[in-house]
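Every chain is numbered from 1 and lettered A, B, ... according to where its sequence line falls, protein lines coming before strand lines.
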Amino acid sequence: MPLITLPDGSKKHFHNDVSTMEVANSIGPGLAKAAIAGCVNGNLIDTCIPIKNDSSLNIITAKDKEGIETIRHSFAHLIGHAVKQLYPQAKMAIGPIIEDGFYYDISYKKPFTPDDLSAIESRMEELIRSNYDVKVKVVSKEEAINTFTEREEPYKLEIIKNIGENEEIKLYYHQEYVDMCRGPHVPNTIHLRSFKLMKVSGAYWKGDSNNEMLQRIYGTAWSTSKELKEYLQRLDEAEKRDHRKIGKQMTLFHTQEESPGMIFWHPKGWAIYQVLEQYIRGILILNGYEEIRTPQAVDRTLWERSGHWEKFKDEMFTTTSESREYAIKPMNCPCHVQVFNQGLKSYRDLPIRLAEFGSCHRNEPSGALHGLMRVRNFVQDDAHIFCGESQIQSEVSSFIDLVFMVYKSFGFDSILIKLSTRPTKRVGSEEIWDKSEKALADALDAKKLKWELLPGEGAFYGPKIEFSLKDCIGRVWQCGTIQVDFSMPERLEAAYIDEGGKRRTPVMLHRAILGSFERFVGILIEHYAGRFPVWLAPIQVVLMGITDKNADYCEEIYNKLIKKGYRAELDLRNEKIGFKIREHTLQKIPFQIIVGDKEQDNKSIRVRALNGDDLGEITLESFISLIESEVAKLGRVQ
RNA sequence: GCCCUUGUAGCUCAGCGGUAGAGCACUCCCUUGGUAAGGGAGAGGUCUCGGGUUCAAGUCCCGACGAGGGCACCA
């Protein structure tokens, strides 16, 4: 005789066990039609599962987050249903939901082609239209094994092996197709409407590169066709912002076969890069850092001592000279320890903050390379802080301030923070791990920041904080980090003399705010969609005359702007003004200065903003004060 | 590194067994035009590279390299 409490507080008595669907029916046929799953005392169940005890029940529909997730999950099964009809020999592995959609990993003798994909999609549509009921059956482990042995599904059997004896196993019957799942699933395919299969790619079984590679079919699904359309539009929008595409359009940089994963920066791209580098350089100097420069190629023995050789030798570029082997540096830190080690340090010298915009090379796997985002040659806004254990928290604290200040300069206001703690394989005593993890957490808490704990995700040498920013279309990019390192200073024999005259090993903090400049430029290109704030714009202002009679006057203004340090461009081509305006608008130049006879006579200029606004006929002086104030804003959102 | 897709003019792309195409860009000429494309002419390609099949290969097959999408990796 269960008593069911609904979300609005109302209660309903039932004489017998009752399913979510029956409760929904008792409320109204509309709700029954919309019901996708039940949430009973916080647990999601299928609409047909009987509820035996007094419970709170929330009837899940496509409007709920759980509803759309259930729909996506059922779509994954539907892939299975369609694939097994079209390719009976296919073996189904796993079909989970992911952000915005779902996938299914499948083993099949032939690779699925785009034609196969659309065939599968069409078959799914046909199956949906038959509005069949999805039936669930709770079975014993033995019965599940029998079912999938009979159906020759080795991956399902392997999954079952890892299910405990007493755990419930549910089989979902999609007509003749059977899948195994925790559920819940939609009661009928009538709930499966707005979807699209997106792509097929490879994926390792159980995510392990030693295992067989399966074929993964990705799909997206939404509760309405409108949402599906909006999602596809969002993808289009992201594609339009692709930094590789904009980089080409704006001639910022290029790559070529002869140096995969390394960037040829063109004048305009390098201008952006340099604004970033000079900006960070200025900030570091103001915050007690000293800039250094260390060698590009360093003898293998140093990397052996630092421990990198053993772990990363395959990912390092090497070169030889006079029978010595060198590694092109993949990171700056061991060299920074060498600088620290010159001259015995006192506790009075600490903290010592050494910064370097050092070019690093890592031979990343070819499949990992991606435009500016993942490269083989990069420069970080890298620095290492050598300090005593007691100084960790204050150093971390001021670093956090720096990170927030810098991100704000680019208009990034939404910052996500993660704290990663000791992994199973690690160096250093429990005591020092306790201390450093606490120092990091305390530094965050003292600022009342929200952060996520990632237990066991720290580096083997120490815990770390990672800072991610959200760009204007909601994508998250991990950029900043501060990592405590108790290992390297010891391995490379860094030392200082403490208050008691004893030799001690300093703690080393690895830290970066932007991460790699290459990647950060890429992020900015996508964030701004190429429409950089004046501060960063590779060309800030372009000058053009109405006719070539105005060329000398144009050049005069141009020279004044260049002398002031602005990035200006002169366009004296024999083209009509409309044509030039179009081109420079497409090049996303913030200001276009146009002068004709009138302006020349008046000793004035006419300014057009990127959005098409006419800023009127003004003097060069007032334009300079305008651009000055724009630059001073940096990229901050006002 | 692995799976799939892909590589034609500076760019974007068409051609998919029978002597290389378009638009834009480029060069030259005309045009000197006031806020998102003025007109004309011309030049430009060992069709990524190396093999193979064929009377004949951008076109089909194999391999290498690069790129794209995933997976794995990311000190």
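Of the nucleotides present, G52(B) is the one that pairs with C60(B) by Watson-Crick or G-U wobble criteria, both distances under 3.5 Å. Summarising the base pairing, C65(B) is matched to G7(B) through a Watson-Crick or G-U wobble pair whose two defining distances lie under 3.5 Å. Under the Watson-Crick or G-U wobble criterion, with both distances below 3.5 Å, G21(B) is paired with C13(B). When Watson-Crick and G-U wobble pairs are counted only if both distances are under 3.5 Å, A36(B) pairs with no nucleotide at all. Pair assignment for G1(B): C71(B), on the basis of Watson-Crick or G-U wobble contacts that are both within less than 3.5 Å. When both pairing distances are held under 3.5 Å, G44(B) makes no Watson-Crick or G-U pair with any nucleotide shown.
H510(A) comes within 4.0 angstrom of nothing in the nucleic acid, heavy atoms only. Here Y204(A) lies in heavy-atom contact (under 4.0 Å) with a base. At the heavy-atom level, Q380(A) lies nowhere under 4.0 Å from the strands shown. Nucleic acid contact for Y461(A): sugar-phosphate only, since backbone atoms but no base atoms lie under 4.0 Å from a heavy atom of the residue. In this structure, K598(A) reaches the bases: a heavy-atom distance under 4.0 Å links it to at least one base atom across the strands shown. Contact annotation for G596(A): base contact, defined as any heavy-atom pair under 4.0 Å involving a base atom. Residue contacts for S201(A): at a heavy-atom cut-off of 4.0 Å it reaches a base atom on one of the strands shown. Contacts of G207(A) with the nucleic acid, taken as non-hydrogen atoms under 4.0 Å apart, involve only primed sugar atoms and P, OP1 or OP2. Contact annotation for D208(A): no contact, since no heavy-atom pair falls under 4.0 Å across all strands. If you check every strand for non-hydrogen atoms under 4.0 Å, P365(A) touches a base. Within the nucleic acid shown, I546(A) comes within 4.0 Å of at least one base atom, counting heavy atoms only. Within the 4.0 angstrom heavy-atom criterion, no nucleotide atom of any strand lies near K311(A). E315(A) comes within 4.0 angstrom of a nucleotide base, judged by non-hydrogen atoms across all strands. The residue P260(A) sits close only to the backbone: its heavy atoms come under 4.0 Å of sugar-phosphate atoms, none of a base.
Distance check on atom P: C71(B) versus U12(B) gives 26 Å, rounded to whole Å. G63(B) and G18(B) have their P atoms separated by 25 Å, given to the nearest Å. Spacing between C62(B) and A57(B) at atom C1', rounded to whole Å, works out to 14 Å. Between A25(B) and C61(B), the two P atoms lie 37 Å apart (nearest whole Å). As rounded to the nearest Å, G23(B) and A14(B) have P atoms that lie 16 Å from one another. Look at the C1' atom in both C55(B) and G42(B): the space between them is 38 Å, to the nearest Å. Using atom C1' as the reference point in both U27(B) and A9(B), the two lie 15 Å apart (nearest Å). Nucleotides G7(B) and G58(B), compared at atom C1', are 10 Å apart to the nearest Å.
Annotation: salt bridge (charged side-chain N to carboxylate O under 4.0 Å, His left out) contacts of R608(A) (sequence neighbours excluded): none. Taking E457(A) as the reference, nothing meets the salt bridge (charged side-chain N to carboxylate O under 4.0 Å, His left out) condition, with sequence neighbours excluded. R582(A) meets the salt bridge (charged side-chain N to carboxylate O under 4.0 Å, His left out) test with no other residue; sequence neighbours excluded.
Counting 5' to 3', RNA chain B first comes under 4.0 angstrom of a heavy atom of chain A and last does so at the ends given by G1(B) to A75(B).
Residue M213(A) is the one, among R606(A) and M213(A), whose nearest nucleotide of RNA chain B lies closer to the 5' end (criterion: closest heavy atom). Two residues, R608(A) and M488(A), neighbour RNA chain B, and the one matched to the more 5' nucleotide by heavy-atom proximity is R608(A).
Using a 3.5 Å distance cut-off with no hydrogens or angles, the side chains of N574(A) and D548(A) do not pair a donor with an acceptor. If you check the side chains of T294(A) and E356(A), you find a donor sitting under 3.5 Å from an acceptor.
In textbook terms, a nucleotide whose glycosidic angle is within 90° of 0 is syn, while G15(B), being further out, is anti.
Listed by first then second residue, pairs satisfying side chain to side chain donor-acceptor pair (under 3.5 Å) with a partner in residues 512-523 of chain A number zero, not counting sequence neighbours. Applying the salt bridge (Lys or Arg N to Asp or Glu O under 4.0 Å) test to residues at least two apart or on different chains, the pairs with a partner in residues 475-485 of chain A are D471(A)-R475(A), R475(A)-E526(A).
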**OP:** Output, in order, the C-alpha distance, side-chain angles, deciding distance and verdict of side-chain hydrogen bond (donor to acceptor under 3.5 Å, both in side chains) for Y155(A) and E212(A).
**Re:** CA-CA 11 Å; Y155(A) 300 96; E212(A) 170 195 2; 2.3 Å; yes
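Counting only distance, with no hydrogens or angles, the side chain of N211(A) and the backbone of W205(A) share a donor-acceptor pair below 3.5 Å. Formation of a donor-acceptor pair under 3.5 Å by the W270(A) side chain with backbone atoms of F264(A) is not found in this model.
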